Participant: 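To start, I am sharing the structure in question, which I have written as structure tokens.
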Amino acid sequence: MLPILIPFLMAILSIINWGNRVLHRFLALAGSVGLLFAALALLTTVSEQGILSSNTGDWPAPFGIVLVADLPGAIMVLMAAIVGLAVLVYSTASLDEARERFGYYPLILILLMGMCGAFLTGDLFNLYVWFEIMLIASFALLALGGSRAQLEGSVKYFALNLLVSAFFLTGIGFLYGMTGSLNMAALAQALRAAGPEQPVTTVAIFFMIAFGIKAAMFPLYFWLPASYHTPPVAVSAIFAGLLTKVGVYAMIRMFTLLFVQDTAWTHGLLLVGAALTMLSGVLGAVARREIRRILSFNIISHIGYIVLGLALYRPLALAGAWLYLIHHVIVMATLFLVSGIVQRVGGSFRLARLGGLYQRHPGLALLFLLPALALSGVPPLSGFWPKLVLLQAMLQDGLWLLAAIALLVSLLTLFSMMRIWVGAFWSQAPAGVVTPAPMASVERRMLYGPVLALLALTIAISVFSGPAFELTQRAAEQLLNPQQYIVAVLGESP
Amino acid sequence: MLNAVLAGFVLAFAAPQVARHLPRQAGTIAALLPAGIFVWLLNQAEMALGPGVVERWPWSPLPGVTLSFHLDGLSLLMALIISGVGALILIYAGAYMQGQAQAGRLYALLLAFMASMLGLVLADNLIALFIFWELTSITSFLLIGWHYQEERSRAAALQALIVTGGGGLALLAGLVLIGLVSGTWEIAGLAAQAGTLQDSGLYLPILLLLWLGAASKSAQFPFHFWLPGAMVAPTPVSAYLHSATMVKAGVYLLARLSPALGGTQEWSLLFMVTGLVTLLLGGWLSLKQDDMKRMLAYSTVSSLGLLVTLLGLGTKLAAEAAALYLLAHALFKGALFMVAGAIDHASGTRDLRRLRGLAGALPTGALAAGLAGLSMAGIPLLAGFAAKEFIYEAALFSGGSVWLLTLLLLAGNVAFVVVAQQMTLRIFSGASLRFEHFHAPGVGLWAGPLVLGALGLALGLLPEVTATLAGAAARAIYGAPVTIHLFVLPDSVTPMLLLSALTIVAGILLYRRRTKLEPWLNWLDQGARLGPENAFRRLVGGLPRFAERVTDMQQNGRLRSYVMWVVGAWLLLLALTWLLRGGPGVPSDLLARLADLRFHELVLVVVILAGLASVMQANTLLTLIVSLGVVGFGTAIVFILFGAPDLAMTQFSIETLGVILFVLVLYRLPGMVRLSPRRTVLRDSVVTGLAGAVVTLMILVITDVPLVSPLKTWFADASEPLGHGHNVVNVILVDFRGFDTMGEITVLGIAAIGIFALLKLRPGRGGESKAGDGEGRT
Amino acid sequence: MEVALAIVIGALYAAGLYMMLRRSMVKLIAGLVLLGYASNLLIFVVSRLTRASPPLVPEGAHSVAEPFADPVPQALILTAIVIGFGLQAFALVLVRRAFQAVNSDDLDQVTASDRPDLQA
Amino acid sequence: MTSIILVVATRLIFPLMLMFSLFLLLRGHDAPGGGFVGGLMAASAFALFAFATSVTRARDALRRSTFRLIGVGLLFAFISGLPGLFAGSPFLTAMWTSAEVPVIGKLSSVLLFDTGVLLVVVGVTLTIVFAMAEADEEEEE
């Protein structure tokens with residue numbers, strides 16, 4: 001409960017005190033620190049006591065709206081809290097005054113709240129509401145500033161995402177029409193008992209499309225590279241780290257809890273989708289020559305990996321997927337934040353206009369190199385472990401072609417990231433590029449601090465991949481044994 | 001052993017600091033670590049040569065992953081080379097980089113590389129080995145790109161990374177397969193599983209993946225080209241990574257896995273062919289080079305080919321020869337590289353055509369080069385001689401096409417002799433040249449090559465030591481006890497001795513007439529060197545262009561094409577599902593269900609449909625808004641008719657507000673033009689029509705069965721007693737599902753903020769212009 | 001009536017998607033509005049229609065007498081309508097601003113953020 | 001542009017609309033109506049006022065910034081959920097007082113919630129309308 005309420009309260013207070021920049025900052029930071037603690041507490045509790053559920057309004061479960069915290073959800077809440085805090089700290093140094101005055105901080109807080117809600121809700125329609133909250137907050141953040149590129153990106157973003165809303169609502173309608181339920185646990189039971197006259201698999205396709213768009217799968221991802229590179233970097237970072245992950249999260253939820261009637265078919269489709277997503281995403285990354293665009297496409301290709309883990313639909317693969325999720329949230333956010341610093345000290349995002357940063361900013365070079373290598377899955381950094389696990393799962397299943405694609409994508413990711421390295425860090429800056437003013441020490445601390453913290457986390461996951469994997473393994477178990485979830489929500493009854 | 005490896009990484013971070021405070025001594029200080037490791041290894045030698053030293057660290061519950069180390073004869077040999085040459089290289093680098101600002105970074109990278117390489121040869125776990133393997137690729141990438149200001153360096157670094165990195169990934173797949181098939185992830189346990197592995201249907205795939213990994217790393221044909229390219233790195237790097245250590249990783253891997261995977265026909269064929277092609281190609285191409293470093297690089301490629309050939313052969317003699325040659329090669333090639341670097345440092349050129357008669361100016365260099373060159377040529381008393389004897393012996397007793405093999409090996413070895421002469425006679429003898437800025441290098445630059453050269457001699461003179469060291473390594477390669485019998489000078493004339501002599505004579509003759517070879521070599525060069533390299537360049541150069549074309553085609557910026565993708569994907573998935581998994585069934589009694597339609601309802605339906613048609617046809621804003629309004633109000637009336645007054649009320653008020661907003665916001669926009677050609681309109685109509693039909697069908701199918709909603713009755717019963725309200729819908733909204741409503745008003749609030757900001761915050765207005773242009777602000 | 005409404009909903013979907021496939025930004029919004037109607041109506045119809053009374057508990061009674069309309073979809077639709085309204089209002093303003101920035105209603109002109117090669 | 005008739009009519013209708021809005025809110029629990037529709041009604045009143053006079057005067061009549069309305073509305077909704085939380089039940093557990101207040105009926109956290117809804121709706125609608133009207137004015141300049 002708290003992870004939702006804390007950012008909500010802070011956002012409300014910010015809105016009441018509209019226009020007070022300093023207070024907004026303070027409230028946002030307080031909110032995200034609070035969120036972090038709440039998330040940590042939640043994860044420990046869930047880890048120790050098992051799945052928790054809370055009925056809002058004290059109305060019994062399948063009637064009221066129930067909030068459920070299981071390990072997968074609690075882990076994601078923690079991720080949201082971590083990235084949220086890092087981005088907010090970064091924002092205080094990087095954001096222009098105008099955006100701060102026009103509600104940037106409450107928007108971020110609402111976005112975080114929406115995510116936590118989506119991670120924790122146990123009610124399908126409520127999930128829709130959280131999605132819309134995130135959606136409207138991200139619209140506003142995306143368009144905030146009103147430059148042409150932002151507006152253009154936003155148009156595509158909203159068009160395709162409103163399409164999601166329509167698909168999602170339609171799917172909810174169908175499910176209610178079939179079962180008379182909205183509670184996910186109850187739905188899970190009802191759908192398992194559903195007779196052949198119920199077109200469950202067809203409905204599953206509706207959800208697959210809806211969350212496929214959200215998660216940026218092929219061929220539904222086009223809104224992402226059109227928009228993610230347009231807002232301020234702090235916003236891009238939180239989008240890149242978290243927003244698409246909510247789509248993946250929802251997809252995994254749906255296809256482990258609700259739609260498991262015909263896994264050979266539905267998960268087979270997901271498998272093909274994942275492979276195509278990986279390939280087309282990484283090709284985009286190779287094609288682009290602007291840091292944030294390259295990163296945007298790399299989000300897509302790596303979403304493919306995560307969906308792959310779901311599609312393989314076995315404990316090892318899902319554990320790998322969840323580990324990948326954790327790793328990717330952190331690393332992507334780090335890379336976007338780093339790209340912001342690169343732009344700050346180098347004056348541009350475009351490789352053609354950057355250069356010489358290796359010489360002038362060796363520290364920054366390291367800050368880029370490590371997450372870039374982690375993203376590419378270079379051992380022993382955090383990206384390697386889930387990749388190894390997924391590779392094992394694929395090879396165990398004899399999916400040779402898929403394994404080959406996954407490895408190829410990994411290589412091409414490395415290639416695309418090293419193009420940034422070569423272009424921005426190694427090569428010499430083109431003539432006529434004006435070096436921006438040096439940073440004040442406060443600014444430096446606020447920019448580098450979050451990056452360092454996230455990087456430290458990456459390294460921690462790299463070194464202590466063991467405990468992290470154990471955690472995700474337990475998360476995967478919970479996902480694959482929905483009975484636990486159902487019992488936690490509905491009690492021991494039938 | 002973990003400590004030794006970790007120490008390298010940790011000290012790597014300290015190196016730049018040391019270099020900042022003690023710029024002159026930093027290299028030597030950094031050399032203390034590898035020197036220390038070297039001494040420690042010698043200490044462990046007795047154990048290593050006997051039962052071996054094992055160290056296991058529980059690390060991770062990930063399947064297959066432990067951090068375990070195993071020091072046996074083979075890894076001891078490699079580790080000694082890595083740490084010993086490493087120490088000399090760091091001293092050398094200290095002198096080489098004297099006065100350069102970023103020297104500290106070089107020491108750091110060298111130390112990190114050394115640690116990775118040590119880890120690689122000590123690791124006993126397949127995954128741990130792979131981790132270190134990739135680390136060497138990364139450090140190598142950074143070292144090759146040392147002169148990053150130059151385009152050439154950057155390209156070479158990227159090339160090496162892609163080739164070795166790609167090979168590495170193939171290797172990973174291979175290693176995982178080995179682990180899965182054999183059920184063990186510890187290398188020491190693999191040999192016992194040799195039968196399982198070789199009988200498995202996956203044996204060949206494993207072998208091929210392994211081949212990709214090893215061949216790319218050890219610069220075997222057709223991946224050899226990255227190694228000469230890597231010569232853009234500073235010479236200490238070339239000497240260390242690209243001759244003595246890293247390029248041996250592939251060879252080491254084959255040696256390591258040969259007890260488990262070797263001994264089959266597939267193995268021999270694959271690696272002997274690869275090795276022989278590489279041996280000849282590298283050897284003969286080395287003759288063509290004018291740049292000392294490139295010549296040595298090609299020669300290294302050739303030597304690696306030789307090693308791979310021997311490992312492919314897989315006999316006991318071959319294992320012995322491989323171990324001996326591994327050792328000898330590391331010594332002489334490292335020394336020669338360092339000599340080349342020192343000369344470059346002194347004279348400013350590495351061009352063989354411009355170097356002559358340096359013996360007078362650089363007597364120490366001449367001595368070091370001489371020792372190394374003699375060893376390389378396989379002259380008695382030096383380590384290289386014994387190695388060559390064993391190579392020929394292995395060939396002669398190989399069984400199979402003995403003469404062909406011997407002939408090919410001879411041809412390869414002749415090239416070594418020529419290179420040895422180039423590096424000694426050609427540059428040191430004769431009348432001395434004058435250089436403008438010649439400055440004799442100091443002791444730091446000579447210590448390394450001299451020690452290595454001398455070691456080559458010492459090992460030749462101390463056959464017992466060499467035999468013990470190489471024998472233990474050969475045992476690990478062969479997988480069974482091996483004892484090598486070595487000698488300082490042969491006491492009888494054997495076929496091997498004759499072959500050695502023949503090699504030397506042929507080499508000398510060839511050296512004298514090398515100009516005659518030019519046309520031949522050019523042909524070979526174009527065919528073989530440029531072939532794979534060009535293919536690679538075209539691939540890597542073409543890839544972004546290809547990717548761009550594909551990406552631009554999809555990501556074309558046109559929203560309608562994106563929407564089309566979505567709708568298309570959706571319909572495709574549905575079609576596939578229905579075809580392959582059975583459709584949703586056909587609703588029954590449609591006519592009967594249609595019959596209950598009342599007249600006023602029919603009118604309503606017709607009005608809504610008419611409104612829709614009008615929306616689709618609209619070409620002025622007013623028509624559009626009015627028609628939309630008709631549809632909206634029509635919907636509201638449906639709500640009234642079917643018992644939902646609350647909904648109707650909300651729909652009416654929202655509709656009204658919506659129309660007002662529409663007018664307010666959009667009245668300035670120009671009228672819409674019909675932009676799409678008829679064909680597009682038709683296509684879109686068909687596709688969207690299908691989509692609509694799907695939805696209609698689904699509704700009919702689902703409503704075909706009666707619904708028993710537990711929620712409906714519960715809410716109806718609970719609303720008054722528990723919710724204190726008579727309007728069930730409202731009670732649900734504010735109480736039973738109040739959480740949703742809270743979310744709903746949050747959405748509204750945020751929408752207001754967003755709209756406000758959109759309207760009020762614009763780039764270029766007042767002090768807000770910073771938020772402008774596509775580049776944005778951080 | 002279910003059958004007739006099912007056809008209406010199908011038509012709403014078709015029209016909504018069709019409008020989204022046009023090149024005009026205004027039509028895009030119209031398409032989204034139609035899809036909104038469509039999904040609301042769909043929820044309503046799919047949870048079974050009844051011409052019976054609204055779900056109001058009569059004064060003095062403790063429960064609604066059958067037959068009555070299912071209150072659950074009504075509550076959902078109410079929420080969805082309001083949320084949809086918020087999003088549409090935002091979208092409207094966004095389109096207006098985009099129109100001002102691009103100076104055209106033609107969506108095919110709104111490509112600069114996707115195709116770097118088309119960027120000045 | 002502002003016609004006298006509109007101004008006069010607004011004067012008369014404005015309070016009526018506000019009253020009606022309150023009525024909708026209060027009866028919402030038992031009959032069709034509720035905070036949302038009530039809020040729209042109140043917002044329309046102010047919007048009408050703005051058209052009849054000017055945005056500035058409408059803002060004055062409102063006496064609060066529209067954002068404050070949104071914020072306070074959300075806060076009401078939030079606070080209405082707290083009592084339950086303190087009483088050891090989950091968030092948003094409804095609390096009813098036994099005291100019967102004339103016109104309003106029983107006081108409850110649910111009413112507070114619905115009032116929050118009303119305030120948010122008023123705030124949102126007016127934020128949009130005002131901002132739009134002001135943007136128009138600016139663009140016309």
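The structure displayed is predicted, hence computed values, not measured ones. All values below were derived from every heavy atom in this structure, side-chain atoms included, with hydrogens, water molecules and symmetry-related copies excluded.
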Participant: A:Gly173 and C:Val46: which non-hydrogen atoms are nearest, and at how many Å?
Facilitator: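 Nearest pair, atom of A:Gly173 first, then C:Val46: O-CG1, 2.8 Å.
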Participant: Please output the residues of residues 87-94 of chain C in contact with chain A, using a heavy-atom cutoff of under 4.5 Å, in numerical order.
Facilitator: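 Hits under 4.5 Å: C:Leu87, C:Phe90, C:Ala91, C:Leu94.
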Participant: What residue, out of C:Leu32, C:Ile43, C:Thr79, C:Asp70, has the most heavy-atom pairs lying under 4.5 Å from chain A?
Facilitator: C:Leu32
Participant: Working note: C:Ile83 + A:Val129, criterion side-chain contact (heavy atoms from CB on, under 4.5 Å); need CA distance, chi angles, decisive distance, verdict.
Facilitator: CA-CA 8 Å; C:Ile83 289 179; A:Val129 174; 4.2 Å; yes
Participant: Which region of A:Leu182, side chain (C-beta onward) or backbone (N, CA, C, O), has a non-hydrogen atom less than 4.5 Å from a non-hydrogen atom of chain C, or is it both or neither?
Facilitator: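 Contact with chain C: side chain only.
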Participant: Is C:Ile29 close to chain A through its backbone or its side chain, or both, or neither, when contacts mean heavy atoms under 4.5 Å?
Facilitator: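 Just its side chain gets close to chain A.
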Participant: Let me confirm one number: the CD-CZ distance from A:Gln150 to C:Arg97, rounded to the nearest 0.5 Å.
Facilitator: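 Rounded to the nearest 0.5 Å, the CD-CZ separation comes out at 10.0 Å.
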Participant: Taking heavy atoms only and a threshold strictly under 4.5 Å, list by residue number the residues of residues 13-21 of chain C that touch chain A; give 'none' if the list is empty.
Facilitator: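 Checking residues 13-21 of chain C against chain A gives C:Tyr13, C:Leu17, C:Met20.
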Participant: What closest approach, in Å, do C:Ser39 and A:Ala166 show between heavy atoms, and which atom pair accounts for it?
Facilitator: CB-O, 4.1 Å
Participant: Can you name the ring-ring contact (aromatic ring centres under 6.0 Å, His included) partners of C:Phe85, sequence neighbours left out?
Facilitator: none
Participant: Can you tell which part of A:Phe174 gets under 4.5 Å to a heavy atom of chain C, answering side chain, backbone, both or neither?
Facilitator: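 Its backbone and side chain both get close to chain C.
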Participant: Hey, are the side chains of A:Val155 and C:Phe99 touching, using non-hydrogen atoms and a 4.5 Å cut-off?
Facilitator: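 Sidechains of C:Phe99 and A:Val155: no contact.
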Participant: Who passes ring-ring contact (aromatic ring centres under 6.0 Å, His included) against A:Tyr176, sequence neighbours left out?
Facilitator: none
Participant: Using atom types as modelled and distance alone, determine if a side-chain donor or acceptor of C:Arg48 lies under 3.5 Å from a backbone N or O of A:Gly177.
Facilitator: yes
Participant: Could you tell me which portion of A:Phe125 (side chain, backbone, both or neither) has an atom closer than 4.5 angstrom to a non-hydrogen atom of chain C?
Facilitator: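 Just the side chain, heavy atoms under 4.5 Å.
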